[in-house]
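For ligands, and for the atoms within them, numbers begin at 1 and follow the listed sequence. Position 1 is the first residue of the sequence; numbering continues from there. Quick note: numbers below take in every heavy atom, side chains included, and nothing from hydrogens, waters or symmetry partners. The structure presented is a predicted model; accordingly, all values stated were derived computationally and were not measured.
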Amino acid sequence: MPETAITADLFRQGMRRFAGAVNVITAANAGERHGMTATAVCSVTADPPTLLVCINRRAATHDAVVAAGAFCVNVLRAGDEALSAWFGGGQTGSGRFASHRWIEIATGAPALADALAAFDCRVVHAHAHGTHTVFFGRIEACRLEHEGPPLLYASGRYARLAAHEDGDLSRPFDFLYM
Ligand SMILES: Cc1cc2nc3c(=O)[nH]c(=O)nc-3n(C[C@H](O)[C@H](O)[C@H](O)COP(=O)(O)O)c2cc1C
């Protein structure tokens with residue numbers, strides 16, 4: 001296919017080709033819990049321990065992160081598709097926290113007790129760009145409760161790594177779409 005000038009549709013099609021880990025970003029503000037599904041999460045540097053998240057300014061969680069100055073990135077496990085769908089819009093408000101066990105860690109943001117990993121972050125920098133804000137979070141605490149396969153999202157579908165099916169991590173990973 002020839003090189004094509006970028007359009008909104010081409011951007012969306014191109015972004016579908018990124019395979020991403022699925023996370024739930026949470027924040028607590030004025031006694032209310034907020035959370036949303038996000039794949040736009042990236043490691044920045046280990047020194048100081050920092051990650052970034054990109055959040056649409058129209059998402060309810062956006063303003064909660066701004067107000068709290070903190071957020072938690074909960075890395076989902078293969079099998080957490082329903083939870084991802086709830087936090088992706090299937091449920092609203094604090095109803096999203098009705099299932100699963102949530103605990104409060106250092107910053108006060110809710111952490112998913114059974115996440116693959118939970119990174120509790122203090123916002124150190126926020127950069128608005130277009131529709132989104134990029135939040136840089138200094139990681140203050142980290143829970144690594146489980147080991148195992150992450151929940152992935154690619155080509156608009158949930159997926160997991162096939163090598164994790166039988167626990168054999170020595171052979172190359174294949175994608176298994178759900
Ligand atoms: C797999 C998946 C990945 C998503 N990634 C992001 C993301 O990185 N950033 C973002 O702002 N929204 C992302 N969304 C959309 C939000 O989760 C969705 O708009 C959510 O409903 C926002 O919360 P609200 O309804 O409280 O506004 C994603 C949704 C799904 C299902």
Val22 heavy atom under 4.0 Å from ligand 1
no
Element-labelled atoms of ligand 1 that are located less than 4.0 Å from some non-hydrogen atom of Ala60
24 (P), 26 (O), 27 (O)
Gap between atom CG of Leu112 and atom CG of Asp80 - 0.5 Å precision
6.5 Å
In a check of side-chain contact (heavy atoms from CB on, under 4.5 Å) between Thr37 and each of Leu76, Asn74, Val24, which one passes?
Val24
Could you check Ile55, Val66, Val123, Thr26 and say which one makes a side-chain contact (heavy atoms from CB on, under 4.5 Å) with Phe71?
Val123
Could you list which atoms of ligand 1 come closer than 4.0 Å to a heavy atom of Phe87?
17 (O), 20 (C)
Who's the nearest protein heavy-atom neighbour of atom 8 (O) of ligand 1, and how far?
Ala40 N, 2.9 Å
Measure the spacing between CD of Glu145 and CG of Leu116 and express it to the nearest 0.5 Å.
10.5 Å
Does an N or O anywhere in Thr61 fall below 3.5 Å from an N or O of ligand 1?
no
Quick one: which ligand 1 atoms are inside 4.0 Å of a heavy atom on Gly89?
21 (O)
Is any N or O atom of Tyr158, backbone or side chain, closer than 3.5 Å to an N or O atom of ligand 1?
no
Ligand 1 atoms nearer than 4.0 angstrom to some heavy atom of His132 are 11 (O)
Under-4.0 Å heavy-atom contact with ligand 1, by part of His34 that carries it
neither
Kindly compute the distance separating SG (Cys72) from CD1 (Ile105), expressed to the nearest 0.5 Å.
4.5 Å
Straight-line distance of Ile25 CD1 to Phe135 CZ, nearest 0.5 Å:
9.0 Å
Spacing of CG belonging to Leu52 relative to OG1 belonging to Thr133, to within rounding of 0.5 Å
12.5 Å
His62 vs Asn56, side-chain hydrogen bond (donor to acceptor under 3.5 Å, both in side chains): CA-CA, chis, key distance, verdict:
CA-CA 7 Å; His62 180 278; Asn56 192 310; over 6 Å; no
Any side-chain heavy atom of Val22 sitting closer than 4.5 Å to one from Phe87?
no
According to the interplanar angle, ranging from 0 to 90°, do the rings of Trp102 and Phe97 count as parallel (below 30°), tilted (30 to 60°) or perpendicular (above 60°)?
perpendicular
Which residue and non-hydrogen atom of the protein lie closest to atom 16 (C) of ligand 1, and at what distance in Å?
Thr37 O, 3.6 Å
For Gly88 and ligand 1, does the shortest N/O to N/O distance drop below 3.5 Å?
yes
With Asp114, which of Arg77, His100, His146 fulfils side-chain hydrogen bond (donor to acceptor under 3.5 Å, both in side chains)?
His146
Quick check: does Thr39 get an N/O under 3.5 Å from an N/O on ligand 1?
yes
May I ask you to identify, for Ala85, whether its side chain, its backbone, both or neither come under 4.0 Å of ligand 1 on a heavy-atom basis?
neither
Going by the atom numbers of ligand 1, which of them fall below 4.0 Å from some non-hydrogen atom of Cys54?
7 (C), 8 (O), 9 (N), 10 (C), 11 (O)
Which residue and heavy atom of the protein sit nearest atom 11 (O) of ligand 1, plus the separation
Asn56 N, 2.8 Å
Counting heavy atoms only, which of Met36, Arg96, Arg57 comes nearest to atom 26 (O) of ligand 1?
Arg96
Just distances here: any N/O of Ile55 and N/O of ligand 1 closer than 3.5 Å?
no
